[in-house]
Structures are given as structure tokens and as C-alpha cells.
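Chain letters run A, B, ... following the sequence lines, proteins first, then strands; residues in each count from 1.
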Amino acid sequence: MKPCLKRAERKMRIEKAQEYGATVVFTFSNTVTHIIADKDIKYNEILEFLQLTEIPEGIAVTNPRWPGDCIRYGKLVDPKDFWYQVPGCPTESQQRNPLQDAPISEPIGGHSSLPSSPPSSLQVQPRPPPKQQPETPTNSQKDALDEAIEECLTTTPINIEDFLGSSSSSDTESSPESSPKRRKKASSSSSNSARDWQSHFQCMHKHTGALNPENPNSRTIQILEEMMQIYDSLKDQWRTRSYRIAISTLKSSNTTYISTYEQAISLPGVGDRLAKKIVEIVSTDRLQRLEYAKLDPKDQILKLFHGIYGVGLVQARKFVAAGYTTLEDIKKNATLTEPQRIGIERYSDFKQRIPREEVKQHGDIVSTALKTIDEKVQSHVMGSYRRGAKDCGDIDIILTKEGAGVEELHEVLEKLVEKLFDRKFLMCGLAIARHDDGTKWHGASRLEGEGKPWRRIDFLVVPGEEIGAAFLYFTGNDVFNRSMRLLASKKGMRLNQKGLYKDVVRGKNREKLNEGTLLESKDEKKIFEILGVPYRPPEHRIC
DNA sequence: AAACAGTTGGG
DNA sequence: CCCAAC
DNA sequence: GTTT
Ligand SMILES: O=c1ccn([C@H]2C[C@H](O)[C@@H](COP(=O)(O)OP(=O)(O)OP(=O)(O)O)O2)c(=O)[nH]1
Ligand SMILES: [Mg+2]
């Protein structure tokens with residue numbers, strides 16, 4: 001009915017229903033057995049649409065979840081079930097017994113009256129499965145993203161975006177030069193035009209741009225993103241990566257509604273499993289695996305434990321295996337490292353986002369204290385703050401000084417930390433440089449005042465010569481960094497927080513046998529340049 | 001089967 | 001060395 | 001989970 005943007009999606013579901021024997025009509029008549037309304041359509045809107053004053057007895061009114069579930073369970077489930085109700089539906093007279101209010105029970109048929117006696121209440125009139133005719137919504141709007149992409153394409157010899165957008169692919173058989181032969185300044189390599197495809201940032205992620213409802217696959221994307229977040233919270237980094245890549249290609253194919261297995265699996269980054277999931281989403285509007293995962297109590301606990309600073313995959317699993325279910329359990333019974341102990345103590349503090357303004361305040365305090373130690377040492381707030389985020393997960397600060405080496409700066413760091421402890425700004429250390437050449441300090445800080453939460457704060461000590469690489473690293477985001485580094489390694493180079501190196505020799509299992517020779521470390525932009533990546537300001541480094 | 005980034009710090 | 005974090 |  002209403003949401004035009006969902007036309008393609010709706011069409012898919014209609015065709016699916018027909019495939020299973022339904023006859024679909026759009027006006028009311030006495031042959032109608034079920035009325036399926038789009039999500040968020042109200043009961044009285046249905047009446048209006050059908051020009052009725054009431055729905056005759058014996059006709060089921062449901063949301064689109066019902067046909068989806070029927071297909072899923074291979075039978076007609078009870079359309080009266082809670083899950084399928086249309087908002088505003090008056091029928092809620094004496095619904096089921098209050099006992100049944102358990103939220104866990106899945107919609108599988110209860111029993112009631114109603115016409116839908118088992119097989120056949122829909123007018124069964126088997127039709128041949130309709131051929132898909134993928135929709136191509138009139139939607140060729142360009143947005144900021146596209147502009148950025150185009151800019152890249154004009155200046156990008158190879159498919160840089162494959163790495164940065166991480167849609168990968170392309171380097172398949174067709175690669176004219178799979179052999180590691182590259183001319184130095186390949187600025188016009190332009191290889192084949194056979195592959196001007198894709199290229200996309202996936203930079204439109206949740207925080208920044210909200211999802212793009214113009215995309216015909218927005219529902220699929222939304223569900224896959226939920227799946228990805230679950231895997232992320234469980235620290236399954238590989239699945240998370242795969243979902244991210246697949247989602248990114250879906251976002252880029254924003255003119256085609258992906259509805260069949262063949263369509264899906266032909267997309268780069270989408271394999272058998274994800275293609276099946278996409279088909280399930282498209283035909284049922286849900287993903288069973290997701291709903292199950294959301295409820296899995298074990299996953300919930302794992303997620304809780306992973307939220308503790310210092311607790312990762314292995315520890316969290318051990319805690320669960322030991323039967324712990326709450327933070328109190330762990331605190332009382334488990335053997336913890338000191339950082340973990342603090343992580344539990346400050347669990348809720350550390351989980352809160354930090355308003356941008358407060359990040360700045362922390363940065364200013366550090367900066368001020370620094371001046372009393374060494375005028376020439378500068379501090380820079382990095383991380384999500386530098387990328388312009390409205391709120392940050394922590395405070396990331398680089399300490400640097402022109403011409404200085406780590407040893408000198410390390411001393412400054414120690415003095416700084418001492419001073420800030422004295423001032424009751426720093427509350428604890430969590431991971432601190434062990435040697436005189438240590439470069440990082442992780443801890444917690446807090447503003448003055450009643451009830452101020454502790455904040456995670458990270459210092460990174462950076463010799464003047466490495467400031468470019470360090471800025472690149474500490475600005476992130478993490479996905480962007482990994483993309484850049486992967487790209488570097490594919491070009492026979494190595495990128496880390498100290499610099500960009502060439503002639504890296506990698507041995508047997510990719511292990512590096514060779515540090516490589518330094519190409520650049522002082523100038524952030526030059527690193528982009530050498531890698532052949534068009535420069536991107538921090539705000540655009542969100543992948 | 002192995003890679004998917006490359007590094008520093010706790011214990 | 002393994003684990004966790006950036 | 002996907003690609004090589
Ligand atoms: O696995 C990682 C994590 C982080 N970083 C870099 C990029 C990142 O931007 C910076 C700071 O890390 P942090 O964890 O603070 O991320 P953030 O980008 O600042 O986001 P948040 O707002 O969650 O702090 O360190 C990496 O290179 N790899
Ligand atoms: Mg941060």
C-alpha cells in the first residue's frame with residue numbers, strides 16, 4: 001500500500017506468496033481470505049483503503065510477517081498470533097490467556113477458531129513460479145558519497161576503493177597483472193576498463209548518515225547490519241569483516257533490488273551463506289538466525305563480559321564455561337588481572353560515550369599540564385575526535401615534539417602522568433609503557449566535579465619524525481587503517497604507526513623477513529600519495 | 001588451507 | 001608465549 | 001564468512 005520506497009520489497013513478497021499458491025488481489029471481494037498490510041499500516045487505514053467499515057468475520061488481517069512465517073515453517077501458521085497483528089486492530093478482546101504472555105515463545109501456531117483450517121484457506125490456485133523481474137527503482141540520485149567516489153576514480157589508477165571500501169574482489173582471474181610486477185610510478189596504469197565497477201566507501205555507517213532508505217536493499221542491509229553487530233559484540237572478527245564487505249557491496253548496488261540467490265552470489269563478498277540469508281530476508285522480511293541470536297542467553301552473557309576492558313574472547317568463554325552469568329559472579333569468584341578488575345569496577349563508566357565537548361576538555365587539561373613540563377611538546381587529540389565525531393568512546397592523545405626521540409618523550413610522558421595523577425585528573429593506569437622506549441599509556445581520567453564518570457584515555461608517544469604515520473594510525477578508523485595496510489602489503493609495502501616501508505620481503509607464511517626500507521613517515525599526505533590513494537580528510541576515513 | 005593489519009603491553 | 005587492545 |  002503505502003511506502004513507495006518499499007515497492008520492490010513488497011513486490012518480492014507478493015511474488016513469493018503467489019509461488020506458494022496464493023492469489024493476490026488489491027481490492028476487496030468475497031473471495032478474499034486474508035489481508036496483508038505493509039508494516040506500520042494501521043487498521044483503520046486498511047478500512048479506508050478497502051472502503052469498508054469493518055472487516056467481515058473470518059477474514060484474517062495480518063502484517064507481512066505472517067506470510068513469511070508460513071513459508072518459513074512450511075505451513076499455515078495462525079494469523080491471529082500476536083506477532084502478526086496490525087496496529088489498531090480492535091479484535092484484541094480477550095486475547096490469549098495471560099499465562100501465555102511469555103516473550104520467548106515463537107509464533108508457532110496456537111489454536112483458535114478462524115477459517116484458516118489447515119491446508120487451504122488461501123484460494124489455492126497453483127501458479128508457476130513467477131520469473132523475477134528485478135525492480136530498478138528510479139533512483140539515480142547522487143550523494144556526497146558518490147562524489148567522493150568519483151573523485152577517487154578520476155585519480156585512481158587501480159581499484160583503490162576495493163581496499164578502502166573493502167568490497168574487495170576484482171582481483172580475480174581477470175587481473176591482467178596478477179604477477180607482482182609493478183612499475184614505480186604507475187600513475188596511468190588504468191589497466192583495463194573491464195573493471196571500472198564498484199568503488200564505494202562504506203563510509204555511510206550508522207553513526208554518521210543513518211541508513212539510506214533510497215536503496216532498494218535497505219531492509220536487507222538493515223538486517224545484515226544487525227547480524228554484523230551481533231558478531232562484532234561476540235568478537236568474531238572474520239564474520240564481522242565478511243558481513244561488512246557484503247553490506248558494503250549491497251550499499252553500492254543501490255539501483256538494483258537483489259532478490260534472488262543468483263543475483264546475490266554474483267556480488268563480490270557475498271558467498272553461498274550470505275546469498276541464502278539475503279533470499280530469506282527478501283522473501284520473509286526476517287532472518288531466523290538473527291532472531292535466534294538475539295535471544296541466545298549465552299551470547300548475551302558473552303556480550304556482557306566482552307564489554308569489560310581486558311576481557312576478550314578467551315577469557316569471556318572461560319567465564320561462561322565456569323558458569324558465571326553476571327559481573328558480580330566474576331568479581332567475586334574469578335581470578336582477574338588488575339586491568340580487568342578495574343574494567344568491572346568501572347564497567348558502566350567505560351561504556352558511556354563521551355560528548356565531544358568533554359573530550360576537548362580532557363585534551364585541554366593535558367595540553368595545559370604539558371606546558372609546565374616542556375613547552376615544545378605538543379598534544380593532539382586523535383581518534384574519533386579528529387574524525388569529527390559528536391561523541392567518542394575514549395580520548396586518544398598523541399604526544400610529540402619536533403626532533404625528539406622516544407626516550408626523551410617517554411620521560412615527558414612519565415612526568416606528565418605523575419602530574420596528572422597529582423591533580424586527580426588521572427584515576428588509574430591500565431596498560432603502561434614498560435620500558436624506557438615505551439610508546440603507549442592507557443588509563444582513565446576524570447573531570448572535576450561530583451559524579452563525573454571515569455573516561456578511558458590513551459596516550460601515544462611519537463617521535464617528531466614519525467608524526468605523519470602516527471597521525472594516520474591514530475586517526476583511524478580501525479577499518480580504514482586495515483584497508484590501507486592491506487593495500488600497502490599488496491603493493492609490496494608495509495604500513496604501520498611508524499611509517500610506510502617498501503621492499504618488504506615476506507617469507508613462508510607471510511611472515512616478514514625484512515623490515516623493508518622507509519619510504520615516508522613524517523607527512524601524512526605523502527603516505528596517501530605513495531600508496532596511490534587520494535587524500536581523505538579525517539572525517540572521510542570512516543569505513 | 002590460509003589469509004583476512006600490524007603493532008604494543010599485561011601476565 | 002598467549003591474550004587483549006589500539 | 002569469503003576469497004584465493
Ligand atoms: O584495531 C584497531 C583499533 C584502533 N586503531 C587505531 C584507529 C583508531 O582510530 C585509533 C584509536 O582507537 P580507538 O579504539 O579509540 O577508536 P576510535 O576510532 O577513536 O573510536 P572510539 O570513538 O570508539 O574511541 O587507533 C587501529 O589501528 N586498530
Ligand atoms: Mg578513540
Side-chain angles (χ1 to χ4, degrees), chain A residues 162-163 166-173 175 178 224 227-228 231 235-249 264-265 267-278 289 305-306 308-318 335-343 350 382-384 393-398 406 429-435 437-443 456-461 466 469-470 472-490 493-501 504 506 508-512 515-516 543:
Chain A
D162 285 351
F163 297 93
S166 74
S167 81
S168 77
S169 89
S170 75
D171 250 338
T172 35
E173 71 311 316
S175 268
S178 54
L224 292 182
M227 270 312 274
M228 177 173 76
Y231 283 127
K235 305 207 176 184
D236 186 334
Q237 63 161 321
W238 303 126
R239 278 187 183 81
T240 302
R241 181 178 187 270
S242 293
Y243 272 80
R244 191 198 314 122
I245 291 168
I247 288 167
S248 140
T249 47
I265 203 166
L267 298 175
V270 177
D272 178 62
R273 315 272 301 270
L274 281 173
K276 284 174 179 159
K277 286 185 171 67
I278 289 172
R289 182 71 185 79
F305 291 170
H306 283 146
I308 304 169
Y309 179 95
V311 175
L313 263 186
V314 176
Q315 277 297 322
R317 283 183 187 154
K318 282 182 183 164
T335 311
L336 299 170
T337 66
E338 182 63 7
Q340 288 167 346
R341 198 189 58 73
I342 298 171
F350 290 166
M382 313 296 290
S384 45
D394 65 1
I395 300 140
D396 304 294
I397 296 180
I398 278 184
V406 271
L430 294 166
I432 67 192
R434 287 194 280 198
H435 317 89
D437 60 347
T439 54
K440 63 157 74 160
W441 193 95
H442 295 172
R456 285 277 298 100
I457 187 168
D458 300 341
F459 295 116
L460 183 68
V461 156
E466 298 172 4
L472 186 56
Y473 160 65
F474 225 29
T475 299
N477 65 7
D478 54 348
V479 175
F480 176 84
N481 286 354
R482 290 163 68 175
S483 309
M484 289 280 279
R485 290 168 181 211
L486 182 62
L487 174 60
S489 86
K490 295 237 160 138
M493 296 182 263
R494 175 169 61 107
L495 176 62
N496 62 21
Q497 55 269 56
K498 292 183 159 73
L500 177 64
Y501 303 77
V504 178
R506 288 184 147 89
K508 290 274 184 179
N509 295 332
R510 288 257 164 185
E511 58 183 336
K512 68 168 191 280
E515 291 283 289
C543 291

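Listed nucleotides B:dG10, B:dT7, C:dA4 differ in distance to A:Ala431; the shortest reach to its side chain belongs to B:dG10. Closest approach to the A:Arg482 side chain among B:dA5, B:dT7, C:dA5 is made by B:dA5 (side chain taken as heavy atoms from C-beta onward). In the set B:dT8, B:dG10, B:dA5, B:dG10 carries the atom at the smallest distance from any side-chain atom of A:Pro339.
From A:Gln497, atom CD reaches atom CZ of A:Arg485 across 5.5 Å, with rounding to the nearest 0.5 Å. Separating the CG atom in A:Leu472 from the CD atom in A:Glu466 is a distance of 13.0 Å, to the nearest 0.5 Å. The distance from the CD1 atom of A:Ile265 to the CD1 atom of A:Ile278 is 9.5 Å, given to the nearest 0.5 Å. Taken to the nearest 0.5 Å, the CG atom of A:Asp236 stands 12.5 Å off from the CE atom of A:Met228. In this structure, OH on A:Tyr231 lies 11.0 Å from CG on A:Leu224, to the nearest 0.5 angstrom.
Between A:Met227 atom CE and D:dG1 atom P the separation is 6 Å, expressed in whole Å. Counting to the nearest Å, the P atom of D:dG1 and the CZ atom of A:Arg241 are 15 Å from each other. When rounded to the nearest whole Å, the span between CG of A:Asp272 and P of D:dG1 equals 10 Å. Between the C1' atom of D:dG1 and the OH atom of A:Tyr231 lies a distance of 8 Å, rounded to the nearest Å. The CE-P distance, from A:Met228 to B:dC4, rounds to 21 Å in whole Å. Computed from coordinates, the A:Lys440 NZ to C:dC6 C1' distance equals 5 Å when rounded to whole Å. Note: CZ (A:Arg485) to P (B:dG6) measures 7 Å, nearest angstrom. With rounding to whole Å, A:Arg239 atom CZ is found 15 Å from D:dT3 atom C1'.
Within 4.0 Å (heavy atoms only), A:Gln237 reaches no atom of the nucleic acid at all. Base engagement by A:Tyr473 is indicated by at least one non-hydrogen atom pair under 4.0 Å involving a base atom. Here A:Asp396 lies in heavy-atom contact (under 4.0 Å) with sugar-phosphate atoms only. Residue-level contact check: A:Leu460 touches neither bases nor backbone, having no heavy atom under 4.0 Å from any strand. Contacts of A:Ile265 with the nucleic acid, taken as non-hydrogen atoms under 4.0 Å apart, are absent. If you check every strand for non-hydrogen atoms under 4.0 Å, A:Asn481 touches nothing. Nucleic acid contact for A:Gly438: sugar-phosphate only, since backbone atoms but no base atoms lie under 4.0 Å from a heavy atom of the residue. Residue contacts for A:Lys235: at a heavy-atom cut-off of 4.0 Å it reaches the sugar-phosphate backbone alone, with no base atom in range. Using a 4.0 Å heavy-atom criterion, one finds that A:Arg456 contacts the sugar-phosphate atoms exclusively. Within the 4.0 angstrom heavy-atom criterion, only backbone atoms of the sugar-phosphate kind lie near A:Lys277; the bases stay farther away.
Residue A:Ser242 is the one, among A:Ser242 and A:Ala433, whose nearest nucleotide of DNA chain B lies closer to the 5' end (criterion: closest heavy atom). Heavy-atom nearest nucleotides on DNA chain B were determined for A:Thr439 and for A:Trp238, and the one closer to the 5' end corresponds to A:Trp238.
For the residue pair A:Ile457 and A:Phe459, the shortest heavy atom distance occurs at CD1-CZ, 3.9 Å.
Nucleotides B:dT7 and D:dG1 have their C1' atoms positioned 25 Å apart, rounded to a whole Å. Comparing C:dC6 with B:dC4, their P atoms sit 22 Å apart, to the nearest whole Å. Taking the P atoms as reference points, B:dA1 lies 26 Å from C:dA4, given to the whole Å.
Donor-acceptor pairing under 3.5 Å, judged by distance alone, is absent between the side chain of A:Arg273 and the base of D:dG1. For A:Arg434 against B:dG11, a side-chain-to-base donor-acceptor contact under 3.5 Å is present.
Checking the phosphate oxygens (OP1, OP2) of B:dT7, a side-chain nitrogen or oxygen of A:Arg494 falls inside 4.0 Å.
A:Asp478 has no carboxylate O lying under 4.0 Å from a charged side-chain N of A:Arg482, or vice versa, which leaves the two without a salt bridge.
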